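Read through the structure below, which is laid out as structure tokens, and then see the notes.
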Amino acid sequence: MIGGALPGEEYVPLFGVVAARRLGEERFVVADRGHHQVKIFHADGSLAVGLAQRGEGPGEIPEVLDVHVCDGDTLAVVGRFNLMIFTADGKFVRQINYRRGGSQSSLLGVSSGCSRMLLSDVARVPEPDAMGVVEDVIHWWDPRTGRRDTIATAGLVETWTRKLYGSARPFVVPWGTERTVALVGDELLLGVGRNPELRRYGGDGDVEVLMRWNARAERVTMRDHMRYSRSRRSWLEGMPSDPEVEYLFPGLDEYPHVAEMKPIFVEVLGDPASYWVRHFDEESFGSFDTRMPDLVPGPQVWSVFDSTGSWIRDVELPARFELLDVSQEFLTGVVKDTFDVETVEVLRMGSGSWSTR
């Protein structure tokens, strides 16, 4: 278990962990969005270094969205508009603005040498009052030269485009597909949650491996509709009585149409030796889960493939363990107890069992 404080400081619990990754052999780096900090821990769980404090000055960020590890020991901390590079001992090196010139790029990952960034830009959204797929262009960007190399164009997120405050914007829909993109080394893994296949793209945009596996989508049932409606009523009871509030959480009868089948998978992770594909939880509503006050997520189930794309096995992780990173024989994730207290745990994979490091 990971937690602790620097010498002479009080214990500070984790809140809103968005990333946890191995840093070399004996340390881990954790992005704590709730406290707007990045922390480095020893393998025994004690805190080694705290960096990226909240602020607007050099080496400070107003919000921590993610953290990446480059070349084994360099840290790349993702903010809302900037990427900040730190050494493994917490020394600030430089800052890169990846949203220059009004760009709305989203950062998907960082190259193994921290020299390029994998970005996505929205190319097309459904017309107002229509449902469809948001199409993204995914490309590498070199901040030193400004060069952009397109890797793929893909429609990954199902949305309903609605007008709000005078402008049209996409809203995620219940049982819709979500972005399924992962960066393993300098290679892109990409899939669409409704199709049981995963593609690996090299740096030049060529598809190197195409993985397909046997999986059957589950039907959205009347029971699922009733769960959605109950959760919507519960959410609205805790919100101000306002038509605009109800607009943000539509009833099922308001949608142009509702999905008949659930997605097959929702997330992809990997390391150079294996790829992990997370199954869609049959009790989930997809991206709408964050609005469901009474939803208790079930154990995560993942399909594991080797580097050639061959299926190895399916794995069910311990209850309340959310997998964040895969590294050789270790799995790093965050655990929430019944009081929503968060702890980062590292699981060692054994023969059908788990042990906590």
Side-chain angles (χ1 to χ4, degrees), residues 12-19 31-37 54-56 61-66 78-81 99 102 104 106 122 125-134 156-179 220-259 262-263 266-267 280-298 320 322 334 336-342:
V12 178
L14 300 173
F15 173 66
V17 173
V18 290
D32 184 346
R33 186 174 185 178
H35 293 113
H36 310 283
Q37 294 178 343
R54 189 177 190 183
E56 302 290 342
I61 54 178
E63 186 174 9
V64 177
L65 303 181
D66 202 349
V78 182
R80 185 163 297 280
F81 305 103
R99 282 192 168 185
Q104 294 300 308
S106 298
V122 174
V125 298
E127 294 296 323
D129 300 319
M131 292 177 63
V133 179
V134 176
L156 301 176
V157 183
E158 294 174 335
T159 64
W160 174 20
T161 300
R162 311 183 75 190
K163 291 184 179 178
L164 181 64
Y165 303 128
S167 62
R169 50 180 284 197
F171 290 79
V172 294
V173 296
W175 304 289
T177 57
E178 301 174 78
R179 171 174 282 169
V220 177
T221 65
M222 184 58 66
R223 175 178 172 271
D224 293 318
H225 284 205
M226 293 173 64
R227 288 192 305 112
Y228 178 92
S229 297
R230 285 198 305 268
S231 296
R232 177 174 181 267
R233 287 196 300 269
S234 179
W235 186 85
L236 290 174
E237 287 173 357
M239 301 295 291
S241 179
D242 189 320
E244 290 186 354
V245 171
E246 296 187 17
Y247 182 92
L248 295 174
F249 201 147
L252 292 178
D253 59 345
E254 297 179 55
Y255 289 98
H257 61 84
V258 178
K262 300 175 183 178
V266 295
E267 187 177 1
F280 186 86
D281 183 351
E282 65 177 14
E283 296 293 300
S284 173
F285 299 98
S287 298
F288 255 91
D289 284 358
T290 56
R291 297 191 184 182
M292 301 300 176
D294 57 351
L295 181 67
V296 179
R320 293 184 173 273
E322 180 181 353
V334 61
K336 285 187 179 181
D337 64 17
T338 55
F339 299 101
D340 286 337
V341 175
E342 297 182 14

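Keep in mind the model is a prediction, meaning the values are calculated, not measured.
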Problem set entry | side-chain contact (heavy atoms from CB on, under 4.5 Å) assessment of L236 paired with R233 | CA-CA 5 Å; L236 290 174; R233 287 196 300 269; 5.9 Å; no

For this session: Show your working on side-chain contact (heavy atoms from CB on, under 4.5 Å) between H225 and V220 and close with a plain yes or no.
Result: CA-CA 8 Å; H225 284 205; V220 177; 3.6 Å; yes

Exercise. Checking salt bridge (charged side-chain N to carboxylate O under 4.0 Å, His left out) for the pair K336/E322: CA distance, chi angles, key distance, verdict?
Worked result: CA-CA 9 Å; K336 285 187 179 181; E322 180 181 353; over 6 Å; no

For this session: Take R223 and M226 through the test side-chain contact (heavy atoms from CB on, under 4.5 Å) and record every step on the way to the result.
Result: CA-CA 5 Å; R223 175 178 172 271; M226 293 173 64; 5.5 Å; no

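Counting heavy-atom neighbours within 6.0 Å of M239 CE, excluding the residue itself, gives a total above 12.
Taking the six-membered ring for Trp and thresholds of 30 and 60 degrees, F285 and W175 have ring planes inclined between 30 and 60 degrees apart.
The two residues S106 and R179 have their closest heavy-atom pair at CB-NH1, 4.2 Å. Residue V173 comes nearest to T159 through the heavy atom pair CG1-C, 3.8 Å, listed as atom of the first residue, atom of the second, then distance. Minimum heavy-atom separation, P174 to L252: CG-CD2, 4.1 Å. Shortest non-hydrogen contact noted between E127 and T161 is O-CB, 3.5 Å. Pairing each heavy atom of D66 with each of A31, the nearest pair is C-CB, 4.2 Å. Closest approach of V122 to V125, counting heavy atoms only: CG1-CG1, 3.6 Å.
Residues passing the salt bridge (charged side-chain N to carboxylate O under 4.0 Å, His left out) test with E282: none are found, sequence neighbours excluded. A search for salt bridge (charged side-chain N to carboxylate O under 4.0 Å, His left out) contacts involving E178 returns nothing, not counting sequence neighbours.
Checking Y247, F171, Y255 one by one against W160, the ring-ring contact (aromatic ring centres under 6.0 Å, His included) holds for a single residue, Y255.
Taken from CZ in R162 to CE in M131, the straight-line distance is 11.0 Å, to the nearest 0.5 Å. Annotation: the span from F249 atom CZ to S234 atom OG amounts to 9.0 Å, rounded to 0.5 Å. To the nearest 0.5 angstrom, E63 atom CD is 6.5 Å from H36 atom NE2.
In terms of modelled atom types and a separation under 3.5 Å, the side chain of E158 and the main chain of T177 share a donor-acceptor contact.
Between K262 and E283 there is no salt bridge, since no side-chain N of the basic residue sits under 4.0 Å from a carboxylate O of the acidic one.
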